[in-house]
Amino acid sequence: MPEVSRKPDVAPARLPEDAYSDLFSGVYPPLTSHEARVEADRCYFCHDAPCVTACPTDIDIPLFIREISTGNPSGSAKTILSQNILGGMCARVCPTETLCEEVCVREVAEGQPVQIGELQRFATDHLMAAGEHPFERGAPTGKSIGVVGAGPAGLAAAHRLAMKGHDVVVYEAKAKSGGLNEYGIAAYKAMDDFAQAEVDFILKIGGIEIRHGAALGDAVTVDGLLEAHDAVFLGMGLPDVNGLGLEGEDACGCMDAVDYIAQIRQSDDLSKLSVGRNVVVIGGGMTAIDIAAQIKLLGAENVTIAYRRGAENMNASAYEQEHAKKLGVVIRHWLQPAKLHVKDGAVMGIGLAYTRAGASGLETTGEMLHLDADQVFKAIGQVGDAGPLSGVSLEMAKGRIVATEVGRTSHPKIWAGGDCTASGDDLTVTAVAEGRDAAEDIHASLMG
């Protein structure tokens, strides 16, 4: 790359002042009551429904859709929430096009599946707006469970344990509950502070105390939790982000995508966020799409996602990729970061090596592409931190906890679920299922 003479163009307030008030609203408008009834009538109500099998939380999808079609959205929501207490958020962030909707009979026959996710959102939003909580706390058991992490897995476990009559204390490192639902997804997917509204809804069951600012490894230790509680559930997610492994990675403008998304989600004034003119995102998952789409909406001129493999290998759903493209994001494949171009402590550009699938795996071709970049976002996955678990007899695999299908670990009093486990697949809906199932097993174990 030739000597760079320009200055990085990173600045706040790239948009007119009046553009920020409704910047992210209207991206995914909800179904009206009439639209929901019409869409529900498209369902064949299959007896052996493939959509149920494809749902990680095993929601009875034909039943909840039938309840919508018969004018009973509250009953529909209870059907959903009995299996997935975070059904409202999952309706917004779950890749339904690769799960339940992909196997819908309508999709197979016509290429147009029933909008299962949108119907789920309609039903759960209706119930939450009514201020109802459809479940009652069980009779007190005298048992206490400590839950680490107030993300999807931890919240699902806490709610199910409270339903069984146990006392639950949730230890959360951050100032707010919700995990990635609060801090790590695109703002336009959960407007109007929905993540916190859902947490408040979950807590209505009673018997759940959440202690914020309680990070595992500081004042909270596993040994201390084991002394204070009859069982412990670990659902703290993945706290760290993979690095590029390149010189200059600490330069101004080279940022973790998850951290910047959190800034967007927690910002009271989006016009104060610094936005580059030329932005490059490294990665191929949902985080890469979320940061690219949002930085484009915030006024970046050129946004490019660089992914080291082909389009068929991207973890981001085709639907989300198409959404980003419609916003003007360019997605380029078979490129991996090779060199950061830094001047005066700031990122000026990035060198990307062309790649291909070789006989022994991914290999570079020897060709390079250089892109101007005022901001480079890292979205190449998160990693666990085994430090707070040192000294505890837990089997680990690549920094994650090894757990059975029902969350049992190698320690008899510790269960785990969600992204912190070796089986985690970085999906909210999977984390919910694992938290719920672990709670059922904890209950069975404690009650003999």
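Residue F64 holds its CZ atom at 8.5 Å from OG1 of T124, rounded to the nearest 0.5 Å. Remark: R408 CZ to W415 CH2 distance equals 5.5 Å, nearest 0.5 Å. Summarising the geometry, atom CD belonging to E320 is positioned 13.0 Å from atom NZ belonging to K325; distances are rounded to the nearest 0.5 Å. In this structure, the separation between CG on D200 and NE2 on H133 is 12.0 Å, given to the nearest 0.5 Å. Distance CG/L246 to SG/C254: 8.0 Å, rounded to 0.5 Å. Here the CD atom belonging to E322 is positioned 10.0 Å from the OH atom belonging to Y319, to the nearest 0.5 angstrom.
Side-chain atoms of T96 and E101 form a donor-acceptor pair, as typed in the model, at a separation below 3.5 Å. Side-chain contact, D60 with T79: no donor N or O sits under 3.5 Å from an acceptor N or O. Looking only at atom types and distance, the side chain of Q336 has no donor-acceptor partner in the side chain of T355 under 3.5 Å away. Side-chain contact annotation: D372 with N278, donor-acceptor N/O pair under 3.5 Å absent.
Relative to the six-membered ring of Y307, R332 misses at least one condition, a distance below 6.0 Å or an angle of at most 45° to the axis. Under a cutoff of 6.0 Å and an axis angle of 45°, R92 and Y28 do not form a cation-pi pair.
When side chains are defined from C-beta on, V148 counts as touching M236, because their heavy atoms get closer than 4.5 Å. Side chains of L225 and Y171 form a contact here, defined as non-hydrogen atoms less than 4.5 Å apart. In this structure, the side chains of C55 and L99 stay at 4.5 Å or more apart for every pair of heavy atoms. Taking 4.5 Å as the limit, some side-chain heavy atom of C90 sits within range of a side-chain heavy atom of Q120. Proximity of L273 to Q263: side-chain heavy atoms (C-beta onward) are separated by under 4.5 Å at one or more points. Residues I264 and L298 form a side-chain contact, since some pair of their non-hydrogen atoms from C-beta on lies under 4.5 Å apart.
Within the 3.5 Å criterion, the main-chain N or O of R42 finds a donor-acceptor partner in the side chain of R106. The backbone N or O of R211 sits nowhere less than 3.5 Å from a side-chain atom of E172 that would complete a donor-acceptor pair.
Each salt bridge (Lys or Arg N to Asp or Glu O under 4.0 Å) pair with one or both residues in residues 269-291, not counting sequence neighbours, appears once here: D9-R277, K189-D290, R277-E301.
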If you apply the rule side chain to side chain donor-acceptor pair (under 3.5 Å), what do you find for E107 with Q112, and how did you get there? CA-CA 5 Å; E107 165 66 19; Q112 187 62 46; over 6 Å; no

V279/N302 under side chain to side chain contact (heavy atoms under 4.5 Å, CB included): CA gap, chis, key distance, verdict: CA-CA 6 Å; V279 179; N302 302 303; over 6 Å; no

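In this structure Y20 satisfies the ring-ring contact (aromatic ring centres under 6.0 Å, His included) test with no other residue, sequence neighbours excluded. M396 is linked by a side-chain contact (heavy atoms from CB on, under 4.5 Å) to A386, L389, L394, I401, counting only residues two or more places apart in sequence or in another chain.
The local environment of CD in E110 is crowded, with over 12 non-hydrogen atoms from other residues, nucleotides or ligands closer than 6.0 Å. No more than 12 heavy atoms of other residues, nucleotides or ligands sit less than 6.0 Å from atom NZ of K174.
Between E35 and R37 there is no salt bridge, since no side-chain nitrogen of the basic residue lies less than 4.0 Å from a carboxylate oxygen of the acidic one.
Side-chain rings of H159 and F201 stay apart, their centers remaining 6.0 Å or farther from each other.
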